[in-house]
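This report concerns only the one structure given below.
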Amino acid sequence: MQIRIATHDEHRMAVIQEAVKQFRKEHPDVSVVLEMLPDKTWMREKLMEMLRNGNGPDIVEWEDANIGQCLEGGLLSDLSEFIERDQVDLDDYYPCIRNAITDQGRVGALPVMTETIGVFYNKEHFDEAGLPYPQEGWTWDEFTATAAQLTRTDEQGNIVRHGVFTSFGYMFYIEPVVWNNGGAFLSADGRTLDGFLNHPATIEAFEQYLSLIDKGISPRLGVGRESWIDCFIHGKMSMYMDANWAIKPMSQVQKDKFGVVGFPSNKIQPKANVFQVYGYGISPQCANKELAWSFLRKLALPGSGVDKLWAVINLAVSKTTAIQSGQAADPLYIPFLEELKYGRKSAYQWLNMIPTFHHNKTFDKMRHASDVKRVLQETVDRTPVLQPLDPHSLPGW
């Protein structure tokens with residue numbers, strides 16, 4: 001007997017290998033075949049080809065795509081029977097994580113790690129400017145006013161330090177700004193752009209975001225040859241809007257220099273923040289799902305021991321893992337765990353949104369706040385309603 005699993009990431013492979021060691025203590029006669037594929041895009045194409053040809057892996061790597069579409073597209077099996085039988089406590093997962101893996105009573109995957117957005121800030125810059133450190137519950141207006149106060153120019157008026165880096169160019173960063181302003185990219189059922197992407201509240205949020213770049217408070221993307229996080233670490237910006245993954249590369253000395261606060265919101269309505277989640281499921285083609293489930297438990301369930309290794313790579317998906325990994329007591333991770341309370345499914349989770357929006361370079365066409373209304377309306381005019389998903393291609397999953 002054997003189980004096959006594939007990944008494109010060497011860090012994930014290291015965790016999978018540890019799960020294999022634990023699994024084989026109980027199943028010494030089962031061989032686990034691990035496949036390392038070159039990159040994410042190639043892996044997706046290769047996996048779809050293998051599934052179409054009937055020789056796909058037993059354990060499938062799932063990356064945040066809409067779970068209903070993945071179940072209906074033949075990528076994942078429904079795990080609810082195993083979960084109910086073995087009394088897996090789904091309530092241990094943060095609510096947004098639990099919602100991401102379920103659809104109409106079905107469970108498509110077990111999550112292993114997640115990420116969400118907060119704001120890193122340089123304590124020294126705040127002290128130098130005489131500003132109090134930002135606190136949870138701050139508004140977008142407070143955030144932008146603080147960033148403006150922290151921006152520095154030389155005698156010629158050239159910007160020598162940006163107040164913030166906001167990473168314009170990716171839906172992941174601007175979508176919560178849109179939500180907190182009362183807008184949305186897409187209807188809740190994942191079908192309609194018209195009336196959402198071109199809604200006045202959505203347009204206004206994009207304009208607010210881009211105005212930071214127009215005013216020089218934030219760079220757009222390029223900030224020199226160094227990476228964005230290096231520029232933050234080296235003091236070239238005072239705040240850095242990014243996900244929890246930015247913590248891992250920092251040394252302890254660097255970590256001591258920075259604080260983290262939750263994403264700025266709008267007190268007019270309930271706060272929302274974007275998140276991404278990654279996990280593993282069982283292929284519908286798997287010949288021995290009982291055996292695959294036994295391996296999946298070792299690989300993914302909170303409290304398995306392996307779950308703490310996933311927390312080394314990214315943010316914990318469950319309260320158990322957050323505590324056992326130490327993230328729940330770490331001042332840099334605590335704000336990100338708190339942000340999961342506000343997690344909302346991204347429009348990116350709908351697979352047919354990616355080729356419609358992102359592949360048409362919608363962001364690239366918006367250089368200034370004055371471009372926003374025209375570009376978003378052009379996008380809606382081109383595709384007012386998303387094209388139906390081809391279950392055999394699953395683009396962008």
Side-chain angles (χ1 to χ4, degrees), residues 62-67 88-103 107-121 134-140 143 167 170-180 184-185 188 240-248 258-267 269-280 300-304 306-349:
W62 168 72
E63 295 195 324
D64 199 51
N66 181 275
I67 208 75
V88 174
D89 182 14
L90 294 182
D91 288 336
D92 189 33
Y93 296 115
Y94 293 99
C96 64
I97 305 297
R98 186 174 64 248
N99 292 339
I101 62 171
T102 58
D103 179 79
V107 181
L110 292 183
V112 296
M113 57 185 179
T114 187
E115 58 214 12
T116 188
I117 306 175
V119 179
F120 294 86
Y121 60 91
Q135 301 294 316
E136 174 59 34
W138 64 334
T139 65
W140 182 260
F143 163 72
S167 304
Y170 301 101
M171 190 186 299
F172 190 63
Y173 297 97
I174 194 170
E175 195 167 19
V177 182
V178 170
W179 288 333
N180 289 314
F185 286 179
Y240 180 55
M241 183 185 289
D242 208 343
N244 50 273
W245 58 57
I247 299 172
K248 187 178 178 183
F258 307 127
V260 177
V261 66
F263 199 87
S265 62
N266 185 330
K267 294 181 179 179
Q269 59 187 39
K271 180 177 177 177
N273 200 352
V274 72
F275 70 101
Q276 291 182 308
V277 59
Y278 309 91
Y280 292 86
L301 279 185
S304 65
V306 174
D307 60 319
K308 289 189 290 185
L309 300 179
W310 290 118
V312 172
I313 301 175
N314 219 325
L315 194 64
V317 293
S318 72
K319 294 180 278 290
T320 293
T321 305
I323 292 169
Q324 294 182 352
S325 67
Q327 288 185 0
D330 188 316
L332 292 183
Y333 280 98
I334 289 171
F336 289 105
L337 293 171
E338 288 293 311
E339 286 299 292
L340 291 177
K341 294 179 180 178
Y342 311 108
R344 176 172 168 177
K345 290 185 178 180
S346 170
Y348 253 176
Q349 291 179 313

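Computed from a predicted structure; not experimentally measured.
- Of all heavy-atom pairs between E175 and A347, the closest is OE2-N, 2.9 Å.
- P111 approaches Y93 most closely through the heavy-atom pair CG-CE2, 3.5 Å.
- A distance of 5.0 Å separates CZ of F172 from CD of E115, quoted to the nearest 0.5 Å.
- Residues N266 and W140 have side chains not in contact (no heavy-atom distance under 4.5 Å, counting atoms from C-beta outward).
- Side-chain contact annotation: N66 with Q349, donor-acceptor N/O pair under 3.5 Å absent.
- Distance NZ/K319 to CG/L337: 11.0 Å, rounded to 0.5 Å.
- Contact annotation: the side chain of V277 approaches that of W62 to within less than 4.5 Å [non-hydrogen atoms, C-beta and beyond].
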Stepwise side chain to side chain contact (heavy atoms under 4.5 Å, CB included) test for R98 and D91: CA-CA 7 Å; R98 186 174 64 248; D91 288 336; 3.7 Å; yes
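- Between D89 and T320 there is no side-chain heavy-atom pair separated by less than 4.5 Å.
- At a threshold of 4.5 Å between non-hydrogen side-chain atoms, the residues P302 and T321 count as touching.
- Minimum heavy-atom separation, P335 to P331: CD-O, 3.1 Å.
- At most 12 non-hydrogen atoms from other residues, nucleotides or ligands lie less than 6.0 angstrom from NZ of K308.
- No side-chain heavy atom of E339 sits less than 4.5 Å from a side-chain heavy atom of I117.
- Figure legend: K341 and Y94 shown without cation-pi pairing, the cationic atom not lying both under 6.0 angstrom from the six-membered ring centre and within 45 degrees of its axis.
- Distance check: D64 CG to K345 NZ gives 9.5 Å after rounding to the nearest 0.5 Å.
- Within the 3.5 Å criterion, the main-chain N or O of G262 finds no donor-acceptor partner in the side chain of E338.
- Remark: T116 OG1 to N314 CG distance equals 10.5 Å, nearest 0.5 Å.
- The ring pair (Phe, Tyr, Trp, His ring centres under 6.0 Å) with F120 is formed by just one residue from the set W245, F336, F263; it is F336.
- Here the side chains of W179 and V274 are in contact, with some heavy-atom distance below 4.5 Å.
- Distance OH/Y280 to CG/L110: 12.0 Å, rounded to 0.5 Å.
- N99 CG to R344 CZ: the interatomic distance, rounded to the nearest 0.5 Å, is 12.5 Å.
- Panel note: side chain D307, backbone V112; no donor-acceptor pair is recorded below 3.5 Å.
- Taking the side chain as every heavy atom from C-beta outward, V317 and W310 never approach each other to under 4.5 Å.
- A donor-acceptor contact shorter than 3.5 Å links the side chain of T114 to the backbone of Q276.
- Put simply, the side chain of D330 never gets that close to the backbone of G326: no donor and acceptor are under 3.5 Å apart.
- Taking every heavy atom of both residues into account, A316 and Q327 meet most closely at N-OE1, 3.0 Å.
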Would I67 and T102 satisfy side chain to side chain contact (heavy atoms under 4.5 Å, CB included), going step by step from the backbone distance to the final call? CA-CA 7 Å; I67 208 75; T102 58; 5.7 Å; no
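- The shortest side-chain heavy-atom distance between L315 and L340 falls under the 4.5 Å cut-off.
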